[in-house]
Each structure stands twice: as C-alpha cells, then as structure tokens.
Amino acid sequence: MSRLQVVSGKGGTGKTTVAAALALALATEGKRALLVEVEGRQGIAQLFETEALPYEERKIAVAPGGGEVYALAIDAELALLDYLQMFYKLGSAGRALKKLGAIDFATTIAPGVRDVLLTGKACEAVRRKDKRGRFVYDYVVMDAPPTGRITRFLNVNDEVAGLAKVGPIHNQAQAVMRVLKSRETAVHLVTLLEEMPVQETVDGIAELRTARLPVGRVVVNMVRPQVLDATDLERVRETPRTALARSLSGAGLGGARRGGHAERLVDPLLAQAGEYAERYTLEQEQRAVLGEVGLPTHELPLLAEGMDLAGLYELATELRKQGIA
C-alpha cells in the first residue's frame, strides 16, 4: 500500500473527515500515521476535539490496537524559513526577512513555490528515517486542496519550471515529484452521490491521469441508508390507494373507512415514497457514472448522530472493513 495517501474532494463532501478516518484506519495494529493539513483551516483539530495544531508534529489520537496518529498543520511561511535554513543557512537572517514581510510576499507572488513547500514537507515526512534506518511514519495522509485545484497543487514540477530552471528550488521540486509520481503515492477522491460532486470527481480523475499522477480510489461519503429497493418502489407504484389504506389500518394506524385516519396518511406517504424514488434513481445513476472511471469505490455511511470523535472511529473501522486501509 502507498505510504503517502492524498485525499481530495469537492468542498462539502467531507474530505477532511475521510482523511482523518483514513489516518486512524492506517494506524491500527501498532502503525504510526501522520495526518497533514495544508490549507490552514484547522479542520483536523476540530475533528479530534483538540487545540489548534502548531507547525510541529503532535500526537492527537491512539488507534485501535495501539497505533498512533500524529498531525501537522503546514504553514507555508514557516516551511520557507526551514527551506532557507536548509539550503542557504540564513538562520536569523531568515527570521529578519519574515519580520519584513518578505516571506509572505514570496509565498504569495509565487504560488508554485508555495506548493513546493507544502508538498515538500509531506514528502520529507514520507522519506524520513530514524537512527535505526526505519521509517518514522508508516503512512502519511494529506488533507489536500479541493478537486478543482488538486492536479495543479501536486504537479509542482511544472509549476516552478518557469521560476527556476536550476538550483535548490528546482532540485526540491524534482525530489517532490519523484515521490508524488511513484508507487509511494495514491490520490483518493471523496464525493457524494450527487451530480455536481460526481462530475467534478470524474473531471479530477481525468486531470490527474493526464498529469500522470497516481489515482487511488473513490470514496463516496455520507451515503444515506437504503430504505426501499427498486422492487419495493415498483410495488408502491402498483398498489391501489385503497389497499394501502387497508394495510395501514391493519397495522393499527386508524380506521379504513373513507376519510378515516389511515386514508389520510396515504397521500403524504405516497409523496414521501415519490421523493425517495427520485433520490434513489439519482443515486443509482451517479453510482453508474462512478463505475465507468475504473477505480475501486468505497461508500461511507451518513452518521445519524452527526460527526464527532466516536463517529470518526466508526468511519475508520468501516474503511478497514472495506479494505482501503
């Protein structure tokens, strides 16, 4: 399994939640996973009900079986200071540049450099080894930018090509791309069973493939439970109103006489069944669209109680059951 797991998705699909659950799932049975945030939203801290993440790796959870999940919120300015120290040994001079606003200027005016810094930090964590020559982290999970920006974000070598043909920035970009375009990396896309997220997912997969970036799996999030299947819906359409009223009455929901309580329930129940049938048809159509992209697809349930830490562990368990981790 790839050691760098990149999670993207259209806004509102729950990509941060899926990334967090994936990190927990991968850390099960004594493994160590690093969960990386690159957008500065502190979504990971909120999910794990902890304080805002600093620019340092911090343990935030223990996975089933004794594994550990660490988290890191990458700050582009601080990453640039690290970079300047690493390649140019600027030290206090780098900190002086930050005070003058030069760091913010550099990361804003050259977004390709910003992406090199963000992805480079994650790739460094993938390659890092301890004194005994073992990888510090078994897996690194990146909560990446949305689908519309993911290919450009990951394809940093092309982004900086016009900025630096040679030198440390160029070399750093190439080192990052060696990881991102290798079997060490898998890019997963999170979607909902709705037309716009699915179409954006399909488009994102095509862009990633064109850029020769390694696409992993599709995760369909917040799937509502199936109450009726196609056979049940057909039976509802074919059953006469009077028969429905009698069935309701037989179930103790009022008399079957005309105008009785059971009969008054028929119209709202049929309306509800019609809405469900429309949604069921739409979801089946979107499943068919996703099936055409030729990737493994996994579905995570919509949690009725909402998302909390317990729910996150529940989703992690589901991911392991489905073989994604």
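Note that these values count all heavy atoms, side chains included, but never hydrogens, waters or copies made by symmetry.
- For Lys10, the NZ atom counts as densely surrounded, since its 6.0 Å shell holds more than 12 non-hydrogen atoms of other residues, nucleotides or ligands.
- For Phe48, there are no ring pair (Phe, Tyr, Trp, His ring centres under 6.0 Å) partners, not counting sequence neighbours.
- For the residue pair Glu57/Tyr137, the side-chain donor-acceptor check at 3.5 Å is satisfied.
- Atoms CD and CG, from Glu314 and Asp308 in turn, are 9.0 Å apart once rounded to the nearest 0.5 Å.
- Linking Ile, Leu, Val, Met, Phe, Trp and Tyr whenever their side-chain heavy atoms come within less than 4.5 Å puts Val190 and Val141 in one cluster.
- Here Arg127 does not pair with Glu184 in a salt bridge; the nearest charged N to carboxylate O distance is not below 4.0 Å.
- The heavy-atom pair separating Arg41 from Gln46 by the smallest distance is O-NE2, 3.8 Å.
- With rounding to the nearest 0.5 angstrom, the CD1 atom of Ile74 is 5.0 Å from the CG atom of Leu72.
- Both Tyr313 and Leu26 belong to a common hydrophobic cluster when Ile, Leu, Val, Met, Phe, Trp and Tyr are linked at side-chain heavy-atom distances under 4.5 angstrom.
- The hydrophobic clustering, which links ILVMFWY residues whose side-chain heavy atoms are closer than 4.5 Å, places Ile324 and Leu193 apart.
- Once rounded to the nearest 0.5 Å, the distance linking CE of Met222 with OG1 of Thr17 reads 7.5 Å.
- Contact annotation: the side chain of Arg134 approaches that of Arg132 to within less than 4.5 Å [non-hydrogen atoms, C-beta and beyond].
- Cation-pi geometry between Arg3 and Phe135 is met: the NZ or CZ atom falls under 6.0 Å from the ring centre, inside 45° of the normal.
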Go through it in stages, so that I can follow the logic: the residues are Leu309 and Leu47, the test is side-chain contact (heavy atoms from CB on, under 4.5 Å), and I'd like the CA-CA distance, side-chain angles, deciding distance and then a yes or no. CA-CA 7 Å; Leu309 196 53; Leu47 281 170; over 6 Å; no
Please output the side-chain donor-acceptor pairs of residues 293-307 that fall under 3.5 Å, not counting sequence neighbours, one pair per line with the distance.
from: Thr297; atom 1: OG1; to: Leu295; atom 2: O; distance (Å): 3.3
from: His298; atom 1: ND1; to: Gln322; atom 2: OE1; distance (Å): 3.3
from: His298; atom 1: NE2; to: Arg217; atom 2: NH1; distance (Å): 2.8
from: Glu299; atom 1: OE1; to: Arg287; atom 2: NH2; distance (Å): 3.1
from: Glu299; atom 1: OE2; to: Arg287; atom 2: NE; distance (Å): 2.7
from: Glu299; atom 1: OE2; to: Arg287; atom 2: NH2; distance (Å): 3.4

Assess the residue pair Arg212 and Leu180 against the criterion (side-chain contact (heavy atoms from CB on, under 4.5 Å)); give the C-alpha distance rounded to whole Å, side-chain angles, the decisive distance to 0.1 Å, and a yes or no. CA-CA 10 Å; Arg212 297 183 179 180; Leu180 293 180; over 6 Å; no
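- By the rule that hydrophobic residues join a cluster once side-chain heavy atoms approach within less than 4.5 Å of another member, Leu35 and Tyr70 end up as members of separate clusters.
- Results of the side chain to side chain contact (heavy atoms under 4.5 Å, CB included) test with Gln286 over Val220, Thr191, Val198 single out Val198 as the only residue that passes.
- Closest of all the heavy-atom pairs between Tyr280 and Gln226 is CE1-OE1, 3.9 Å.
- Checked against ring pair (Phe, Tyr, Trp, His ring centres under 6.0 Å), Tyr139 has no partners two or more places apart in sequence or in another chain.
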Carefully, step by step, assess Arg149 and Glu207 under the rule salt bridge (Lys or Arg N to Asp or Glu O under 4.0 Å). CA-CA 10 Å; Arg149 295 197 292 116; Glu207 290 178 2; over 6 Å; no
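- Both Met142 and Leu208 belong to a single network of hydrophobic side chains, linked directly or stepwise wherever heavy atoms of I, L, V, M, F, W or Y lie under 4.5 Å apart.
- Atom CD of Glu56 sits in a crowded spot, with more than 12 heavy atoms from other residues, nucleotides or ligands closer than 6.0 Å.
- Taking 4.0 Å as the cut-off between side-chain N and carboxylate O, Arg279 and Glu275 do not count as a salt-bridged pair.
- Residue Ala144 comes nearest to Ile150 through the heavy atom pair CB-CD1, 3.5 Å, listed as atom of the first residue, atom of the second, then distance.
- Between Val218 and His188 there is no side-chain heavy-atom pair separated by less than 4.5 Å.
- Between Pro145 and Glu39, some side-chain heavy-atom pair lies under the 4.5 Å cut-off.
- Looking only at distances, no side-chain donor or acceptor of Lys15 sits under 3.5 Å from a matching main-chain atom of Thr147.
- Salt bridge present: Glu51 and Arg58 bring a charged side-chain N and a carboxylate O closer than 4.0 Å.
- For Glu200 (side chain) and Gly9 (main-chain N/O), no donor-acceptor pair under 3.5 Å exists by modelled atom type.
- A donor-acceptor contact shorter than 3.5 Å links the side chain of Thr185 to the backbone of Val179.
- Nearest heavy atoms, Ala25 versus Ala316: CB-O, 3.5 Å.
- More than 12 heavy atoms of other residues, nucleotides or ligands sit less than 6.0 Å from atom CE of Met1.
- Between the Gln42 side chain and the Leu53 main chain, a donor and an acceptor come within less than 3.5 Å of each other.
- Residue Ser8 comes nearest to Pro146 through the heavy atom pair OG-C, 3.2 Å, listed as atom of the first residue, atom of the second, then distance.
- Atom CD in Glu37 sits 11.0 Å away from atom CG in Asp75 (nearest 0.5 Å).
- The backbone N or O of Leu4 lies less than 3.5 Å from no partner atom in the side chain of Ser2, so there is not a single donor-acceptor pair.
- One finds the CG atom of Leu34 at 11.5 Å from the CG atom of Asp138 (value rounded to the nearest 0.5 Å).
- Heavy atoms of other residues, nucleotides or ligands lying less than 6.0 angstrom from CD of Glu195 number 12 at most.
- At a threshold of 4.5 Å between non-hydrogen side-chain atoms, the residues Leu213 and Thr151 count as touching.
- Heavy-atom minimum distance, Val69 versus Ala23: CG2-O, 3.8 Å.
- One side chain, Asp143 or Thr16, offers a donor N or O that lies under 3.5 Å from an acceptor on the other.
- Counting heavy atoms from C-beta outward, Val18 and Leu315 have side chains that stay 4.5 Å or more apart.
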